[in-house]
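As the structure is a computational prediction, the values presented were derived from the model and not from experiment.
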Amino acid sequence: METIDTIPYSVSDKQIIHALIKISALITEQYKLSELYKKLHAIISEVVFAKNIAIAEIDLESHIMNITYFLDEKDGNKFYGKKIDIGRGLSAYAIKRQAPTRLNEQQIIELQNKGEIDRIYGTMCKSWIGVPIVDDGTVIGLIIVQSYTSEYVYSERDLEVLTFVGSNINILVKQKKIVEEEKLLRAEILQKDKMASLGGLVAGVAHEINTPLGVCVTGISNLLEEHVRFRMAVDAGTVTEKQFNNFVDDVGETCEIIKSNVNRAATLISSFKQIAVDQSSESKRVINIKTYLDEIIHSLHPIIRKTKHKIVIDCADDIESLTHPGAISQLFTNLITNSLIHGFEDIESGTIEIKVSKKKGNLEFIYSDNGKGMNKEQKKKFFEPFYTTKRGSGGSGLGGHIIFNIVATSLHGNVVLESHKAKGTQFTITFPS
């Protein structure tokens, strides 16, 4: 059984403050709640004799205690992770009082004799403290420490110390849960935005493919009609030299048209297929950067072709990287979309430049547009989630945050934004190659 060694000692206000500071600092650490309670036990042990401890979540509606942390020299960890009825024991007594409670063995026996408690979970102790965690007048948790030896009986000072600690744990756990809920919500929103982006890509590509395939269908239909007429003339023996030459010319011309449009559709499908697979996958693979940027731009052709804007890529043909293609695809999709929607608003013809180079084991992308740029406030808030200048007009406010999140989390790099009103916007993005 795992134990945390503690010894009886008196503590100073300075030690208590230091412990509370350490508890407050846990909010910034990436711990699951189970790991968090273990850390809390170690800190509590610095200021209170806590060789035997239980931390529980309380559900008064169902009258259930969920033992989220438990360590005991007599009972081991048999209650850890268990959901038990609150009952009418010591825990129920402290919960009913809604106040920190300190009891010795004699007081516990007296409470039993009076019928105020009727059951003791586990082994009878010599000294016991229970501190309810109260939120908005309702008990939502409970911290228990107990001693099995008469050599250490809890004092009023111990009760005060654990009460201070309990109130801080309440704040910490609430903050931690809020942070976790925000993370889950943000991840869900980012995933929805990602899939919406992919859905938009699908719709755009489907619409774009309809054009060349429509031309192919029309060409084949006309060619079939020409074939039927020519076949009838052949069977009747009435084919003239002019009719023969026209048929040959029509076949050649129609085949060229069909070939051109099939190739156009195939190129678009190929680019889209790889981009779509990459955006829905987290796996790494080696890619040629210039070729991949071309594929991304091909996949965005349905959007770009409706404008007079142009995209220029300055990248050596031999730059390759073992990376997350999906992250790069989503990154540049968001950057280009941001330029088209925001940067080039009210601008008929704009230019996007993407310069790529390798520097000291890193890839550096300098993405710039000559659009309307941002003012200081827009630049300052660009990477903040839910910030948008298009509120009420379909703007989610997640574009900038997604760009930052992709670079920092998926590509483990950094991004620097430079922008000035009426002078365009530039992103310098670097990450390991």
Side-chain angles (χ1 to χ4, degrees), residues 2-29 31 33 35-58 65 67-75 79 89-108 111 122-135 137-176:
E2 182 182 15
T3 61
I4 293 180
D5 293 329
T6 62
I7 57 173
Y9 58 88
S10 60
V11 295
S12 65
D13 289 341
K14 185 176 180 180
Q15 287 173 293
I16 296 169
I17 292 171
H18 183 62
L20 296 181
I21 291 172
K22 289 170 76 172
I23 289 173
S24 299
L26 290 177
I27 188 64
T28 61
E29 302 295 332
Y31 296 123
L33 281 178
E35 297 171 333
L36 178 65
Y37 289 131
K38 183 177 178 181
K39 292 284 183 182
L40 286 170
H41 183 195
I43 296 171
I44 291 170
S45 296
E46 295 177 8
V47 290
V48 175
F49 180 73
K51 193 169 186 178
N52 311 291
I53 186 171
I55 302 175
E57 295 175 354
I58 305 300
M65 292 174 58
I67 312 297
T68 52
Y69 187 82
F70 187 91
L71 203 58
D72 192 278
E73 59 186 323
K74 297 287 187 180
D75 297 316
F79 292 110
L90 293 176
S91 297
Y93 181 73
I95 292 169
K96 183 178 180 181
R97 292 184 71 231
Q98 289 196 12
T101 304
R102 176 175 63 95
L103 299 167
N104 59 35
E105 185 178 17
Q106 183 59 40
Q107 290 170 322
I108 294 171
L111 287 173
T123 307
M124 173 66 82
C125 61
K126 296 292 183 181
S127 187
W128 185 92
I129 288 180
V131 176
I133 297 175
V134 182
D135 184 53
T138 301
V139 177
I140 61 169
L142 183 67
I143 302 171
I144 297 169
V145 294
Q146 58 188 10
S147 169
Y148 294 110
T149 173
S150 55
E151 294 178 6
Y152 192 81
V153 176
Y154 291 114
S155 66
E156 190 65 26
R157 174 67 165 169
D158 292 320
L159 182 64
E160 292 176 359
V161 170
L162 197 62
T163 300
F164 274 120
V165 171
S167 63
N168 276 265
I169 289 175
N170 180 27
I171 295 170
L172 170 65
V173 173
K174 285 172 66 177
Q175 288 176 325
K176 203 73 175 174

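Annotation: the span from Gln146 atom CD to Leu103 atom CG amounts to 11.0 Å, rounded to 0.5 Å. Once rounded to the nearest 0.5 Å, the distance linking CG of Asn52 with CG of Asp72 reads 4.5 Å. Annotation: the span from Ile55 atom CD1 to Leu71 atom CG amounts to 10.5 Å, rounded to 0.5 Å. In this structure, Thr101 OG1 and Leu142 CG are separated by 9.0 Å, a value rounded to the nearest 0.5 Å. Here CD1 of Ile43 is found 13.0 Å from NZ of Lys38. Values are rounded to the nearest 0.5 Å. Remark: Ile133 CD1 to Ile95 CD1 distance equals 10.5 Å, nearest 0.5 Å.
Heavy atoms only, all atoms of each residue included: Ala94 and Gly130 are closest at CB-O, 4.2 Å. The heavy-atom pair separating Ala99 from Pro132 by the smallest distance is O-CD, 3.4 Å. When all heavy atoms are compared, the tightest approach of Ala56 to Met65 is CB-CE, 4.0 Å. Considering all non-hydrogen atoms of both residues, Gln107 and Arg102 come closest at OE1-O, 3.8 Å. When all heavy atoms are compared, the tightest approach of Met124 to Tyr148 is O-CD2, 3.5 Å.
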Chi angles and distances behind the side-chain contact (heavy atoms from CB on, under 4.5 Å) call for Cys125, Ile108: CA-CA 9 Å; Cys125 61; Ile108 294 171; 4.0 Å; yes
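Under a 3.5 Å cut-off, the side chain of Tyr152 and the backbone N or O of Lys126 do not form any donor-acceptor pair. One N or O on the side chain of Ser127 and one on the backbone of Tyr154 form a donor-acceptor pair closer than 3.5 Å. In this structure, Thr149 contributes its side chain and Ser147 its backbone to no donor-acceptor pair below 3.5 Å. Judged purely by atom type and a 3.5 angstrom limit, Asp158 has no side-chain atom pairing as donor or acceptor with the backbone of Val48.
Remark: Thr138 engages no residue in a side chain to side chain donor-acceptor pair (under 3.5 Å) (not counting sequence neighbours). For Glu160, there are no side chain to side chain donor-acceptor pair (under 3.5 Å) partners at least two apart in sequence or on another chain.
Taking the six-membered ring for Trp and thresholds of 30 and 60 degrees, His41 and Tyr69 have ring planes more than 60 degrees apart, a perpendicular arrangement.
Two residues are said to be in side-chain contact when any heavy atoms from C-beta on lie closer than 4.5 Å; Ile144 and Ser91 meet this criterion. Counting heavy atoms from C-beta outward, Val139 and Val134 have side chains that approach closer than 4.5 Å.
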